[in-house]
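To start, I am sharing the structure in question, which I have written as structure tokens.
For reference, positions follow the sequence shown, starting with 1. Bear in mind that the values here come from a model prediction, so they are computed numbers and not experimental data.
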Amino acid sequence: MPVAVAPRRRLRAGDGMILAVALVILAAVIVMGAFSLVAAERIDATSRERWNSLVLDALQRRAAFLERDLSSFAHWDESVLRTAYFLDVDWVHENFGKWLYHTQRHDRSYIVLETGPAYASIDGAAVDVAGAPFDTAAIMPLVEGVKAAFLDQTQALKATAPLAGESRGRDNPPVFRAGYLRVEGRPALIGAISITPDFGRVVSPTRVPPVAVTVLFLDASFLGDLVGELHMASPSISDEPPPPDRQGVRVPFHDPQTKPAWLSWKPENPGRALLSTLLPALIGTALLLLAVAAIVLWYARRATQELAESEKLASRLAYTDPLCGLANRTMLMRALGERLRQVDPGNRLAVLFLDLDGFKDINDTLGHHVGDLLLTEIGNRLARLPLKDALASRFGGDEFVILVPVKSDEDIAAAGAVVLEVVRQPAEIAGQTLTVSGSIGCTVAPDHGVDAIELIRLADIAVYRAKAEGRANVQIFAPRMEREVMRRRDVELDLQRALAEGELTIYYQPQFAVDGEVVIGFEALVRWVQPSRGVIAPGEFISIAEQTGLITELDMWVLRNACAQARDWGELKLAVNLSPVDFRSGDLDMQVKRILDETGFPAERLEIEITENLLFGNQPEAFASLAALRRMGIRIALDDFGSGYSSLGYIRRFRVDTINIDRSFTQNIGQSDDAAAIIDCVVRLARALAITVTAEGVETREQLRYLQSVGCHHVQGYLLAGPVPLASIDRYLERATFPSPPPKRSRVTI
């Protein structure tokens, strides 16, 4: 009896355990299902709210974009002549109605004078005003608002500057109004803008200016733009609220009393889609778990084994960089220590310390997430180096260390060349093609010792020499490099003291009209004569100042002293260079304003020179500071144009006043056809955009004659005058005259 009963009891106990586990699993599945339903609904609700916000923002942006579409026509001397003084219907149609229809798909365009509509374009075709459809009730309130705002603006300008005479276009900009309205019962986006001069060569009429009006119906073309921007599914406009299977928002009409309309689309419902995807998996999982319950103990043993493997994996991950997948610093030091015990004069070990060139600029301009993606790509390439027994590791930031067994100096050079070639290959990152180079410092064991920390320190020092030699090269450590690093440190400390004790001075290089005779301004250049070392070149201490953060203090010192010294030099302009580092402070405009107030220097005579690196990546804080400086009346010059990331996009995004052609192009005149062609192209473009062009580095008469022939405005270089101290400035002041007015702007198509 006991023999027969015992097995049945054990069987029932096993069945009970499986049943208990099954019930627990079933309960867990039910709870997960309920949670999934709630979570799916919340995800859908969040998605709907986000889409509503995105669509409303897109509608508001489209209204704001109308100002961009209309400004190129409305803020133009020629437009004032051909509308306010006489209505040239053909010209207006070509440059306004027809142009807007074919480029931006504006359905209707009108020119409204004081007497009413004077020009009409319907679907890109000019029509007679008397027979043209014009919804007065919808359009005229917006037009009257523009006229009233323009009159208020004009009165305000007269009140603030009653003796200034006629204001220029820049002083009295056009007034723009836009809003969603119903035109002839159809939902539409309407924009209206006053037509005013741009550079003031045409005087704006004293009466109310003409108003340019454009109408975009919320039709298939309008919705197609939204589809392209937001990737909406099946958008439509209706006068009725959307049905339950569609999502929609009310069109933000300008007048709340307007009969409502809805923009609707087919929602994504990510929560519902996720739930429908997971539901079969949940059911299948429940069935699988019920079957697995019978062998749960076996899985427990497997879990123990997997835990041991996980511990091994965790141990391995402790020696791997999580971003690049290369060996981390801990693994590097461990492997370096092991390899150093095996080196001898016939089996040497090269320690290549790689530092990426320009990586900080990418982080600052494109964002750290792009920088991380680039580091990952570089890490993947280094992991596949075609070098036998090489170990690549990430040392930190944008620094990598590669260990390579070598036998001769030729092997070192070959290994360095391979690494540099791998790094410099273009990389497609976040939709952009990025190219970076690398600088390599190298130490060799046992030539430079067998201490791991010391070898890496000396290789890091060699990197400074590689960067000083123009970057993208390999430098093997030599004792003199360590002495140079110490000198850089001494220069940094001395520069701090020089700023405090007034060792620095300012020289001024005259800038001439293109005739090479008339002085139109000066560029302020800092000079440093150190008591113990003598003259220290700006190229040496300026770079150190930028790396250590002293550059802003140095630039503000130069600006303050130059403004104080040049205050009484008549109407001559003063050009001062500012580093891109200065624009990261956030209060640069306030610092400059304080200096101008303290020195009494007119803002209109000051020209700030910036480099193209500042604009690369469209940094918001840089554009905000530049805009604030321009509002103060300060001119902006784009220095060394053509030597960096030259782009018409920068000039279109933020219109500079002056372009300084880089000296490398000027000095190649007569030696390279490309340089001359580029200068000619830049001058033509600048003249079309009413931008002054200054050619730097003029050193021969041939260069000066060519610059005169292509119509360059200003020149600067040692042929005419080098930098001079303040005591020698008087002889150039005698050759000064008032600067010429800016070149006339003409309409061009780029």
Would you check if the side chain of His75 reaches a backbone N or O of Pro197 as a donor-acceptor pair within less than 3.5 Å?
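Confirmed, His75 side chain pairs with Pro197 backbone.
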Donor-acceptor pair between Thr214 and His106 side chains, under 3.5 angstrom:
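There is such a pair (donor and acceptor under 3.5 Å, judged by atom type) between the side chains of Thr214 and His106.
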Sequence neighbours excluded, the answer for side-chain hydrogen bond (donor to acceptor under 3.5 Å, both in side chains) partners of Asp219 is none
Close side-chain approach of Leu434 and Leu366, heavy atoms under 4.5 Å
yes
Considering all heavy atoms, the nearest Arg687-Gly711 contact
NH2-O, 2.7 Å
With side chain to side chain contact (heavy atoms under 4.5 Å, CB included) as the test, would you mind laying out the steps for Ser79 and Trp91 before giving the verdict?
CA-CA 9 Å; Ser79 297; Trp91 186 90; 3.7 Å; yes
Is the shortest heavy-atom distance from the side chain of Leu70 to the side chain of Phe176 under 4.5 Å?
yes
Does any non-hydrogen side-chain atom of Ser121 lie less than 4.5 Å from one of Lys98?
no
Exercise: identify the closest heavy-atom pair between Asp255 and Leu181:
N-CD2, 4.2 Å
Roughly how far, to the nearest 0.5 Å, is the NZ atom of Lys573 from the CD1 atom of Ile634?
14.0 Å
Criterion salt bridge (Lys or Arg N to Asp or Glu O under 4.0 Å) on Asp239 and Arg186, from CA distance to verdict
CA-CA 9 Å; Asp239 293 339; Arg186 299 168 59 190; over 6 Å; no
Nearest 0.5 Å, please: how far is CG in Leu626 from CZ in Arg631?
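Between Arg631 CZ and Leu626 CG, I get 10.5 Å after rounding to 0.5 Å.
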Geometric class of the Phe134/Tyr110 ring pair [parallel <30°, tilted 30-60°, perpendicular >60°]:
perpendicular
Under 3.5 Å, is there a donor-acceptor pair linking the side chains of Thr658 and Glu607?
yes
Go through the steps for Arg177 and Lys147 under the test side chain to side chain contact (heavy atoms under 4.5 Å, CB included), then give the verdict.
CA-CA 10 Å; Arg177 294 289 185 272; Lys147 292 179 178 180; over 6 Å; no
Is the backbone of Phe150 close enough, under 3.5 Å, to the side chain of Thr154 for a donor and an acceptor to pair up by distance?
yes
Less than 4.0 angstrom from a charged side-chain N to a carboxylate O is my criterion; do Arg684 and Asp680 meet it?
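Salt bridge present between Arg684 and Asp680.
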So, His713 side chain and Val693 main chain: donor-acceptor pair closer than 3.5 Å or not?
yes
Should the ring pair Phe222 and Tyr180 be called parallel, tilted or perpendicular, given that the plane angle runs from 0 to 90° and is split at 30 and 60?
perpendicular
Salt bridge Lys259-Glu240, side-chain N to carboxylate O under 4.0 Å
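Judged by the 4.0 Å cut-off on N to carboxylate O distance, Lys259 and Glu240 do not form a salt bridge.
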Taking Asn95 for its side chain and Val92 for its backbone only, find out whether a donor-acceptor pair lies under 3.5 Å.
no
Go through the steps for Phe583 and Leu578 under the test side chain to side chain contact (heavy atoms under 4.5 Å, CB included), then give the verdict.
CA-CA 8 Å; Phe583 289 82; Leu578 291 187; 4.1 Å; yes
Looking at Arg108 and Glu184, does any basic side-chain N land under 4.0 Å from a carboxylate oxygen?
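The answer is yes: the pair qualifies as a salt bridge.
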Are Leu218 and Leu223 side-chain neighbours, meaning at least one heavy-atom pair lies under 4.5 Å?
no
What one should report as the nearest heavy-atom pair of Ile190 and Val215 is CG1-CG2, 4.2 Å
Evaluate the side-chain proximity of Val592 to Met632: yes if any heavy-atom separation is below 4.5 Å, no if none is.
yes
Would you mind reporting whether Thr694 and Ile659 have side-chain heavy atoms less than 4.5 Å apart?
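No, their side chains stay 4.5 Å or more apart.
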Is it the case that Arg246 and Ser236 place a side-chain donor and acceptor less than 3.5 Å from each other?
yes
Nearest 0.5 Å please: distance from the OG atom of Ser109 over to the CG atom of Leu100.
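Here the rounded value is 5.0 Å.
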Do Asp657 and Arg630 meet the salt-bridge criterion of a basic N to acidic O distance under 4.0 Å?
yes
Main-chain N/O of Glu67 paired to Ser71 side chain as donor or acceptor, under 3.5 Å:
yes
Cationic N near anionic O, under 4.0 Å, Arg82 to Asp90:
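Between Asp90 and Arg82 there is no salt bridge, as every charged N stays at least 4.0 Å from the carboxylate O atoms.
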Pair Asp57 + Arg61, salt bridge at N-O below 4.0 Å:
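Looking at Arg61 together with Asp57, the answer is no, because their closest N to O distance does not fall below 4.0 Å.
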With rounding to the nearest 0.5 Å, note down the distance linking CH2 in Trp265 to CH2 in Trp51.
7.5 Å
Sub-3.5 Å donor-acceptor pair from the side chain of Asp198 to the main-chain atoms of Asp77, do we have one?
yes
Do you know the tightest heavy-atom contact between Leu230 and Ala58?
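The answer is CD1-CB, 3.8 Å.
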Determine the minimum heavy-atom distance between Leu189 and Gly179, stating which atoms define it.
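It is CD1-O, 3.6 Å.
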Under a 4.5 Å cut-off applied to non-hydrogen side-chain atoms, are Leu374 and Ile362 in contact?
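They are in contact (side-chain heavy atoms under 4.5 Å apart), so the answer is yes.
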Do side-chain atoms of Gln153 reach the backbone of Pro173 as a donor and acceptor pair under 3.5 angstrom?
yes
Going through the distances and angles, do Ile195 and Ile111 end up as a side chain to side chain contact (heavy atoms under 4.5 Å, CB included)?
CA-CA 9 Å; Ile195 300 177; Ile111 298 296; 4.0 Å; yes
So which heavy atom on Thr83 is nearest to which on Pro210, and how close?
OG1-CG, 3.7 Å
Main-chain N/O of Asn660 paired with Asp639 side-chain donor or acceptor, under 3.5 Å
no
From Arg62 atom CZ to Asp225 atom CG, the distance as rounded to the nearest 0.5 Å
5.5 Å
Gap between atom CD of Gln247 and atom CG of Leu263 - 0.5 Å precision
10.0 Å
Do Thr611 and Pro580 have side chains that approach each other closer than 4.5 Å (heavy atoms only, starting at C-beta)?
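The answer is yes, as the side chains (C-beta and beyond) meet within the 4.5 Å cut-off.
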